[in-house]
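Data block below; observations after.
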2 protein chains.
Amino acid sequence: MSDKKIRNMAEFAIACGISRPTISKYFNDPDSIKPSSRAKIEEALGRYDYRPNIYAVNQNRQMTKNIGIVVPYLADPFFAEMVRFIERLFIDTGYSPSLFSSHGEQKLEMEILDSLRAMKPAGVLLAPLGRISNHKAIEAFCSNVPTVLFDSNLEGIGEAFIGSDNHSFISQTVEYLTRTGEPPCFLEMKHPANPNANKRREAYLSIMHDLDFEPHVVSLDGTGWGFEEIGHQGGIKLLQEKSLPTRTVLCSNDRLAIGFLAACYERGVRVGRDESDDLRVASLDDHPFSRFTCPSLTTAAQDYMSVSKHAVETLFRLIECGGRFEQREEKLFPAKLILRESA
Amino acid sequence: MSDKKIRNMAEFAIACGISRPTISKYFNDPDSIKPSSRAKIEEALGRYDYRPNIYAVNQNRQMTKNIGIVVPYLADPFFAEMVRFIERLFIDTGYSPSLFSSHGEQKLEMEILDSLRAMKPAGVLLAPLGRISNHKAIEAFCSNVPTVLFDSNLEGIGEAFIGSDNHSFISQTVEYLTRTGEPPCFLEMKHPANPNANKRREAYLSIMHDLDFEPHVVSLDGTGWGFEEIGHQGGIKLLQEKSLPTRTVLCSNDRLAIGFLAACYERGVRVGRDESDDLRVASLDDHPFSRFTCPSLTTAAQDYMSVSKHAVETLFRLIECGGRFEQREEKLFPAKLILRESA
DNA sequence: TAAATTTTTTTACGCGTGTAAAAAAACCCT
DNA sequence: AGGGTTTTTTTACACGCGTAAAAAAATTTA
């Protein structure tokens with residue numbers, strides 16, 4: 001490594017013995033120049049640690065190589081896990097992902113979209129807050145920046161949506177619980193942040209109706225992203241009042257179930273599929289921690305990898321199309337039942 | 001909102017009826033210009049939605065307003081929670097934080113440092129991977145970019161370190177467990193990713209020695225960032241073999257404890273501080289989920305807020321000093337004991 | 001070997017903003 | 001009102017790279 005500092009592309013070009021425009025071509029596409037020139041450049045790259053100034057590069061590009069990834073709440077391991085896959089996929093294809101979390105706040109989500117606009121990204125993968133999102137602002141954003149929504153659908157907004165097939169999640173768990181015991185009641189939050197929750201309730205009601213069972217929806221008070229706490233406090237109350245309508249509970253998501261299981265434990269309610277147990281509890285999402293609840297949680301798995309892959313692939317297609325699909329795409333991934341000890 | 005599109009600062013200057021350099025001054029410091037000019041600009045800002053091109057802005061600045069935040073593993077809610085505080089603090093002071101996760105991989109950590117170098121940040125807050133970090137590379141990075149380490153200390157690297165006082169964590173929990181029962185054994189991973197784990201073991205040994213108790217360190221096999229799984233599998237094995245040296249267990253961190261508690265539950269081992277219970281389990285970190293374990297986890301709390309604040313404040317000081325402190329700073333925050341049901 | 005083709009070089013301008021220096025204008029105080 | 005001070009305007013260049021056009025060189029093909 002030579003200690004002579006390279007300040008810009010012109011200096012690096014001299015160090016290579018090659019003209020600057022060719023160097024520029026190389027950095028935009030290494031295969032677009034003659035192999036012998038390319039070899040010279042790569043040899044020089046070993047001697048000096050030159051990298052093009054990203055700000056100067058992006059200033060002249062109509063479109064950068066930046067990708068925005070926005071999630072509603074990064075402290076939720078579900079999203080953290082998702083992001084892990086997505087980031088890797090973008091990096092491997094030469095893009096620079098920038099990660100943002102709305103931390104459950106509408107204002108922050110708006111600020112993030114503002115910053116994103118300023119960085120002229122090639123595309124954005126957005127998991128919106130949902131109910132509390134500023135729908136109009138997001139719609140305006142999507143019309144300026146190629147955007148694919150994921151996890152949480154805002155009807156008609158963005159060029160595509162990739163998410164999970166909530167109906168499949170519910171039907172598989174309800175079917176299993178019913179077959180091996182009794183039809184479940186449905187435990188949810190009264191004011192869910194995320195539209196999936198509403199879809200799941202609707203799916204529950206429709207499936208119970210189709211099976212000719214009486215549905216029981218139990219809605220817990222509480223707002224925000226502290227789902228475990230809501231499940232916990234609600235669970236304590238339900239168990240104290242003995243007001244659960246059935247001995248089988250399907251929770252709207254794993255985080256709620258984690259709180260609910262904690263409440264069961266505290267109240268001495270035995271959860272499991274054994275005859276001697278008091279309650280069966282199942283849930284949805286296959287949250288990274290659901291293997292470590294007590295008892296371990298029977299749940300319906302999101303296929304993190306497939307969803308991530310498809311979201312990334314869709315965004316690439318969208319970018320190649322110039323940011324518009326003929327028709328809004330919607331792809332829902334079905335669930336896979338994960339049998340554990342809780343039901 | 002006028003529909004005339006403003007393309008650059010010159011056009012916006014005309015729209016304001018003010019010269020371009022003054023506009024430039026305004027965006028760099030709104031208070032540096034005459035109030036009447038400022039009012040004109042802000043009025044125009046309401047009519048047009050102009051924002052300076054960040055790439056053009058940063059191209060000429062020796063130092064940007066960007067801040068890098070790097071954590072080793074974002075799917076760990078501990079870091080996700082930390083990041084939440086830190087991001088907010090930077091945004092509120094007019095900086096643009098960029099968030100990166102090394103996802104437990106040395107290669108990724110290196111790539112992140114490369115990207116960071118390219119974005120010429122004003123400063124970086126780095127929680128390194130620890131043992132598997134490329135120490136030399138990080139040291140080189142720190143000598144180019146004002147960097148404050150947090151959570152995980154690499155001796156002598158970076159201008160400052162902010163973390164937790166592992167000795168305080170251990171002494172408080174050991175003291176409590178001893179006073180209310182018996183001295184604990186120490187459950188840890190054999191090859192911890194994070195240097196805190198080693199500090200904690202050392203603290204345990206030294207404290208037990210001072211108290212004249214025989215120390216028992218139980219090391220679990222397994223590598224990587226799946227701490228819960230390691231605690232779970234190790235726990236199953238320990239309980240099967242009945243090889244736990246004491247009936248009181250202090251886990252090296254909460255995630256390990258979460259796995260261990262799951263193992264206890266599976267094996268029918270009752271955990272709690274009641275006389276009828278088989279085992280007492282305490283841990284360290286006050287992980288966001290430790291309130292929802294079964295039983296809820298007695299632990300020593302990190303003061304997320306104080307650590308975050310101090311880290312951010314230290315980085316600002318470092319930036320103002322031009323990136324060098326006279327002497328490397330080290331600030332450790334003590335723990336607060338959180339009594340719950342597990343011990 | 002000459003002609004045709006591809007690749008590289010040369011030259012030159014543009015991107016949008018920071019910023020320095022000098023001139024002009026606005027403001028403040030007596 | 002006049003002089004001094006502060007602020008703004010004018011003018012001009014710089015930053016580092018993309019890229020277009022024309023010329024030159026290298027390579028391939030006939």
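Keep in mind that this is a model prediction, so the values were computed, not measured. Computation of the quantities below employed the complete heavy-atom set of this structure, encompassing side-chain atoms and omitting hydrogens, waters and symmetry-equivalent molecules. Protein chains get the first letters and strands the later ones, always in sequence-line order, with residue 1 at the start of each.
- Residue A:Met9 contributes atom CE, which lies 12 Å from atom C1' of D:dT19 at whole-angstrom precision.
- For the ring-ring contact (aromatic ring centres under 6.0 Å, His included) test, residues two or more places apart in sequence or in another chain that qualify with B:Tyr304 are B:Phe78.
- Not a single side-chain contact (heavy atoms from CB on, under 4.5 Å) links A:Ser115 to another residue, sequence neighbours left out.
- Between B:Gln59 atom CD and C:dT19 atom P there is a gap of 13 Å when expressed in whole angstrom units.
- In this structure, CG of B:Asn8 is placed 5 Å from P of C:dG16, rounded to the nearest angstrom.
- Taking A:Phe141 as the reference, nothing meets the ring-ring contact (aromatic ring centres under 6.0 Å, His included) condition, with sequence neighbours excluded.
- In this structure, the CG atom of B:Asn28 is 18 Å from the P atom of C:dG16, given to the nearest Å.
- Rounded to whole Å, the distance from CG on A:Asn58 to P on D:dG18 is 9 Å.
- Of the side-chain N and O atoms in A:Tyr50, one or more sit less than 4.0 angstrom from OP1 or OP2 of D:dC17.
- Among the protein residues, A:Tyr26 comes within range of no part of the nucleic acid, since none of its heavy atoms lies under 4.0 Å from any strand.
- Sequence neighbours left out, the pairs with a member in residues 17-41 of chain A that pass ring-ring contact (aromatic ring centres under 6.0 Å, His included) are A:Phe27-A:Tyr50.
- Among the heavy atoms of the strands, none lies under 4.0 Å from B:Phe12.
- Considering only side-chain atoms of B:Asn53, the nucleotide from C:dG18, C:dT17, D:dG16 that sits closest is C:dT17.
- Here side-chain hydrogen bond (donor to acceptor under 3.5 Å, both in side chains) pairs that include residues 125-150 of chain B, with residues two or more places apart or in two chains, are B:Glu109-B:Ser133.
- A:Ile54 has its CD1 atom 22 Å from the P atom of C:dC15, to the nearest Å.
- Of the charged side-chain nitrogens involved, at least one lies within less than 4.0 Å of a carboxylate oxygen, so that B:Arg324 and B:Glu159 count as a salt-bridged pair.
- Within a heavy-atom distance below 4.0 Å of DNA chain C, the residues of residues 31-38 of chain B found are B:Lys34.
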Quick one: side chains of residues 90-99 of chain B, donor-acceptor pairs under 3.5 Å with protein atoms, not counting sequence neighbours, listed by atom name and distance.
unit_1  : atom_1 : unit_2  : atom_2 : d
B:Asp92 : OD1    : B:Arg88 : NH1    : 3.3
B:Thr93 : OG1    : B:Leu89 : O      : 3.0
B:Thr93 : OG1    : B:Phe90 : O      : 2.9

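- Computed from coordinates, the A:Ile14 CD1 to D:dG16 P distance equals 14 Å when rounded to whole Å.
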Return the polar atom pairs (N/O with N/O) between nucleotides 9-13 of chain C and the protein under 3.5 Å, or none.
unit_1 : atom_1 : unit_2  : atom_2 : d
C:dT9  : OP2    : A:Ser19 : N      : 3.1
C:dT9  : OP2    : A:Ser19 : OG     : 2.8
C:dT9  : OP2    : A:Thr22 : OG1    : 2.7
C:dA12 : N6     : A:Arg20 : NH2    : 3.4

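- Between the CG atom of A:Asp29 and the P atom of C:dT7 there is a distance of 12 Å, rounded to whole Å.
- Residues satisfying the ring-ring contact (aromatic ring centres under 6.0 Å, His included) test with A:His310, not counting sequence neighbours, are A:Phe333.
- The residues B:Lys331 and B:Glu329 are annotated as not salt-bridged, no charged nitrogen and carboxylate oxygen being separated by less than 4.0 angstrom.
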